Amino acid sequence: MELKAVVFSIPFGVIFVVLGLFVNLLQAICFLTIRPLSKSTYRKINGTIASLLWLDHIWLLEWWAGLKVKLYTDLETYRLMGEEHALLMPNHMCDADILIGFLLAQRLGCLRSALMVMKKSAKYLPIFGWTSWFLGFVFLNRSWEKDESNLKRSLQGLKDFPMPFWLTIFAEGTRMTPDKLSEAQKFAASRKLPIPKNVLIPRTKGFVTAVKNLRSFVPAVYDVTLAVPEGHSTPSLHTMIERKSTMVKIHIKRYSMKDLPQSDEAIGQWCRDRFVAKDSMLDKFRAEGTFGDQEIHDTGRSIMALLAHSSSSYLIYFALVKLCQKFSLLSTWRGMGVLVTSFAATVLLMHIFIEYTKLPKQKGVQTQSTRGKATDFKFN
């Protein structure tokens, strides 16, 4: 991790570590004491506790990095968002998609119940992974033999969820990279499928299972398309920490779950068709820089995130100062050793997070457009 990112991550890292461990402690207490008595009450309290940490992430995006998010959808869908259970199906543009999902959920009033399907390794990330596990995120091995029963059990467990929830599933299974796009294009060409230019070909087994297990109590699928306008960089945790401002535009189209096909094969084809439509929509977006005239009025940056971060920052740093004074941490070698060790642990943890979210090195491949011309694919 570059020196600049290290330096910039320290103030946020201290808040993230202390607040995160406090959140995890409260979650563990609730898991052991409240969940055995009432799963519904546990979910409500747990969602509120976890939202303290998610609001800190939203502050990082909006107030620290200056990320601007513009939403495009019809007014009826906008009215229903946050008021109903929904299965979200976004394109996986970058590592910040998860944080952007939290931001969108907070604006629509369901941050406490924003759930996701993620790869299993994320569960072991300190603080973030633990918080997600307590919330009931679904973690998959990316091996269908191991994942099928776990996914079905987790989905059925949402039947009695006590408030409107969003469950996000990244059907592409991985983030967009030039290498992966090239592989998707080669696969599409070999199967005589539409050749994608802006998305990957979805892996439909997980989506099919989600639809079949959720359709009896989840009324809608939200087809979510994320895009970055020309002249703006693709957001990442790294760039956010370095305060590199950017913009993301999001288009959402609502589909009634009852209108989806019934058979596994037909549901899978429906999912693939949606991604072909996403690809065409992103082509048009590249040319016009907008998703049309359905832009929802921007509510501005989250005041709740600012208040939550400011309050937690004041309390945490006030407590740290008092600890330093009480135990003479700044006036003894032993105390200095404790501070240096804590400081190093914070830097190491932030380094782990940023390295975990960074894209792997690319091979410098070229991707094939539908017109047969080779074009360099730029990925920021």
Side-chain angles (χ1 to χ4, degrees), residues 1 4-27 30 45-69 71 82 95-114 116 125-132 134-135 166 235-248 298-324 342-343 345-354 356-357:
M1 186 168 58
K4 182 179 179 181
V6 172
V7 173
F8 275 53
S9 70
I10 292 170
F12 174 75
V14 171
I15 305 301
F16 172 73
V17 171
V18 177
L19 177 62
L21 291 176
F22 178 68
V23 164
N24 290 158
L25 176 62
L26 291 180
Q27 287 182 305
C30 291
I45 296 175
N46 189 27
T48 301
I49 293 171
S51 66
L52 296 174
L53 186 62
W54 299 158
L55 283 169
D56 206 49
H57 289 68
I58 293 169
W59 172 87
L60 176 71
L61 267 63
E62 289 193 309
W63 290 92
W64 177 260
L67 174 70
K68 293 180 175 60
V69 174
L71 175 62
D95 65 84
D97 292 344
I98 293 171
L99 303 184
I100 293 170
F102 290 151
L103 189 156
L104 189 62
Q106 194 272 330
R107 288 189 179 183
L108 277 301
C110 61
L111 180 61
R112 294 188 304 159
S113 52
M116 296 187 183
L125 282 173
I127 299 175
F128 179 89
W130 304 338
T131 304
S132 302
F134 280 118
L135 275 175
W166 285 2
S236 70
L237 180 59
H238 194 166
T239 59
M240 292 296 170
I241 289 175
E242 290 187 347
R243 303 195 74 177
K244 294 181 180 178
S245 179
T246 188
M247 177 184 290
V248 174
D298 189 2
T299 57
R301 294 181 290 185
S302 170
I303 300 299
M304 181 66 71
L306 178 62
L307 292 174
H309 177 80
S310 300
S311 301
S312 59
S313 298
Y314 173 79
L315 292 173
I316 288 170
Y317 279 112
F318 179 80
L320 291 177
V321 169
K322 289 299 182 182
L323 282 174
C324 288
S342 301
F343 175 84
T346 299
V347 171
L348 177 61
L349 186 59
M350 295 308 296
H351 173 75
I352 290 172
F353 273 100
I354 292 175
Y356 182 84
T357 59

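Bear in mind the structure is a predicted one, so any value in this text is a computation, not a measurement.
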Residue pair T346 / V14: nearest heavy atoms and the distance that separates them: CG2-N, 3.7 Å
Mind running side-chain hydrogen bond (donor to acceptor under 3.5 Å, both in side chains) on Q106 and S302 for me, showing each step along the way? CA-CA 8 Å; Q106 194 272 330; S302 170; 3.3 Å; yes
Hey, what's the ring geometry for W54 with F102, parallel, tilted or perpendicular (30° and 60° as the breaks)? parallel
F12 vs D56 side-chain heavy atoms within contact, under 4.5 Å: yes
If every non-hydrogen atom of Q27 is compared with every non-hydrogen atom of L135, which pair is closest and at what distance? NE2-CG, 4.3 Å
Ignoring hydrogens and geometry, is there a side-chain-to-backbone donor-acceptor pair from S245 to G66 under 3.5 Å? yes
Can you establish whether the number of heavy atoms outside Y317 located under 6.0 Å from its atom OH is more than 12? yes
Side-chain contact test, heavy atoms from C-beta onward, threshold under 4.5 Å: evaluate it for T246 versus M240 and give yes or no. yes
In terms of relative ring orientation, are H57 and F128 parallel, tilted or perpendicular, with 30° and 60° separating the classes? tilted
Does the W64 side chain pair with the main chain of I241, one donor and one acceptor, at a distance under 3.5 Å? yes
Looking only at non-hydrogen atoms, find the nearest pair between I127 and T131 and report the distance. O-OG1, 2.7 Å
Within the 4.5 Å heavy-atom criterion, are C30 and I49 side-chain neighbours or not? yes
Heavy-atom closest pair (D95 atom, P235 atom, distance to 0.1 Å) is OD2-O, 4.5 Å
